[in-house]
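Below is one structure, written out as structure tokens; the observations come after it.
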There are 2 protein chains.
Amino acid sequence: MSLTAKELLTKKGVKMTSQRLVITEYLMQTLEHPTADEILAGVAEMLPVPLSRATVYNTLNTLVDAGVIREVLTEPGRTRYDANTFEHHHFVDVKSGKIIDIPQEMLPDIEKALGDKFKVHSYTVTFYGDLEDDKK
Amino acid sequence: MSLTAKELLTKKGVKMTSQRLVITEYLMQTLEHPTADEILAGVAEMLPVPLSRATVYNTLNTLVDAGVIREVLTEPGRTRYDANTFEHHHFVDVKSGKIIDIPQEMLPDIEKALGDKFKVHSYTVTFYGDLEDDKK
DNA sequence: TTTCTTGCAAATTGTTTGCAGTTTT
DNA sequence: AAAACTGCAAACAATTTGCAAGAAA
């Protein structure tokens, strides 16, 4: 079974604080790919004390550096975050802006396609398009 | 043979100004994927009059909207620009930050991989990794 | 108790906008 | 001449940073 947020932070060697715990839990439990502000809004009510925007940013950077979460770049100027750290990809519905995870297994493996000169550590595919209604 | 910047702007219905022409030429002639500031620095000397940062941004947005250039999102917080509007992809050398164009033909076509529910308009693959020395 | 984190406010960085004057069609 | 563009400065938006007080190892 999958790890709890607490176990994950311990495993990744991140010092535990209630802010980090709640932000990690929030990201693990959503399928959205929220921005820092959306995380702040979604998490604030779960904490007894006020959470500052600076702490959200600091925490997100810490979690990214520790490999607990990932940044998602789908639009200019704003960074989104994703607790899914498995190799995976994204589909952006251009009408709604909704971002849907695409598991690695849905695509052919293209890691080797570039040849030996390129040592690929990771890659991400971003699709832009329309979603048929019944998928929304 | 390929179009000149002037021909391209005409074809795309963009009103001609010396700023737009020079910015388009600059992007067509480089293999880099410069930011707005890098474009400003690289282009300023080619114009008899000073070029303002606001005009660079306005121009880039106009050119993106007209389909003359594309935005490239490889790192958080900053937008890069690319005059290559063919469907293609990018390799980011994690050490130097250098971005290399990967032509569509180097990869298998994955547009149809998601199935009918997803009407894919376009997609872009971003690879992160190391480049062997002789490729630098 | 030592080290690291949080919160606040101020600072930075990237980008957009309002408006007067200039250029393109 | 009409419509659109440029430059400047001010406005915004996203993110980072310095420092004092507080919490985790």
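Labels below follow one simple rule: chain letters A, B, ... track the order of the sequence lines, proteins then strands, and each chain is numbered from 1.
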Nearest to side-chain heavy atoms of Lys15(B), which nucleotide of dT3(C), dA3(D), dG7(D):
dA3(D)
Take the protein atom CE of Met16(A) and the nucleotide atom P of dT6(C), then report the distance between them rounded to whole Å.
12 Å
Heavy-atom nearest nucleotide on DNA chain C taken for Gly77(B) and for Val14(B); more 5' hit belongs to Gly77(B)
Roughly, in whole Å, what's the span from CZ in Arg78(A) to C1' in dA13(D)?
9 Å
Interatomic distance where CG belongs to Leu9(B) and P belongs to dA4(D) [whole Å]:
17 Å
Taking Leu51(B) as the fixed residue, which of Thr59(B), Val43(B), Ile39(B) is the one that meets the side-chain contact (heavy atoms from CB on, under 4.5 Å) rule?
Val43(B)
How would you label the contact of Pro76(B) with the nucleic acid (heavy atoms, under 4.0 Å): base, sugar-phosphate, or nothing?
nothing
Going through the checks in order, is the side-chain contact (heavy atoms from CB on, under 4.5 Å) test met by Leu131(B) and Ile100(B)?
CA-CA 10 Å; Leu131(B) 215 44; Ile100(B) 296 170; 3.3 Å; yes
Is there any salt bridge (charged side-chain N to carboxylate O under 4.0 Å, His left out) pair reaching into residues 7-31 of chain A, and which pairs are they, with sequence neighbours excluded?
none
Below 4.0 Å: OP1/OP2 of dG7(C) and any side-chain N or O of Gln19(A):
yes
The criterion is ring pair (Phe, Tyr, Trp, His ring centres under 6.0 Å); which residues satisfy it with Tyr123(B), sequence neighbours excluded?
Phe127(A), His89(B)
In sequence, state the C-alpha distance, the side-chain angles, and the governing distance for Val125(A) and Ile102(A), and then conclude on side-chain contact (heavy atoms from CB on, under 4.5 Å).
CA-CA 9 Å; Val125(A) 184; Ile102(A) 305 294; over 6 Å; no
His90(B): which of Thr126(B), Asp82(B), Asn84(B) passes side-chain hydrogen bond (donor to acceptor under 3.5 Å, both in side chains)
Asp82(B)
Strictly by side chain to side chain donor-acceptor pair (under 3.5 Å), give each pair with a member in residues 46-56 of chain B just once, sequence neighbours left out.
Asp37(B)-Arg53(B), Ser52(B)-Thr55(B)
Quick one: is Thr35(B) getting a side-chain N or O under 4.0 Å of the dG14(C) phosphate, OP1 or OP2?
no
Residue list, side-chain hydrogen bond (donor to acceptor under 3.5 Å, both in side chains) with Arg80(A), at least two apart or on another chain:
Glu38(A), Glu75(A)
Which parts of residues 53-73 of chain B get close to DNA chain C, meaning a heavy atom less than 4.0 angstrom away?
Arg53(B), Ala54(B), Tyr57(B), Asn58(B), Asn61(B)
Would you mind reading off the distance between Leu21(A) atom CG and dT5(C) atom P, rounded to a whole angstrom?
15 Å
Choosing from dG7(C), dT6(D), dT15(D), which nucleotide comes nearest the side chain of Val49(A)?
dG7(C)
Within this structure, what is the CG-to-P distance between Asp37(A) and dC12(D), rounded to whole angstrom?
16 Å
More than 12 heavy atoms of other residues, nucleotides or ligands under 6.0 Å from CG of Leu47(A): is that the case?
yes
Residue Thr17(A), side-chain atoms from C-beta onward, closest of dT6(D), dT25(C), dT6(C)
dT6(C)
Terminal axes of the helix from dT1(C)-dA25(D) to dT25(C)-dA1(D) (five pairs each): angle between them, nearest 10 degrees:
50°
With respect to the phosphate group of dC5(D), does any side-chain polar atom (N or O) of Arg20(B) fall under 4.0 Å of OP1 or OP2?
yes
Between dT13(C) (P) and Leu40(B) (CG): distance, integer Å
16 Å
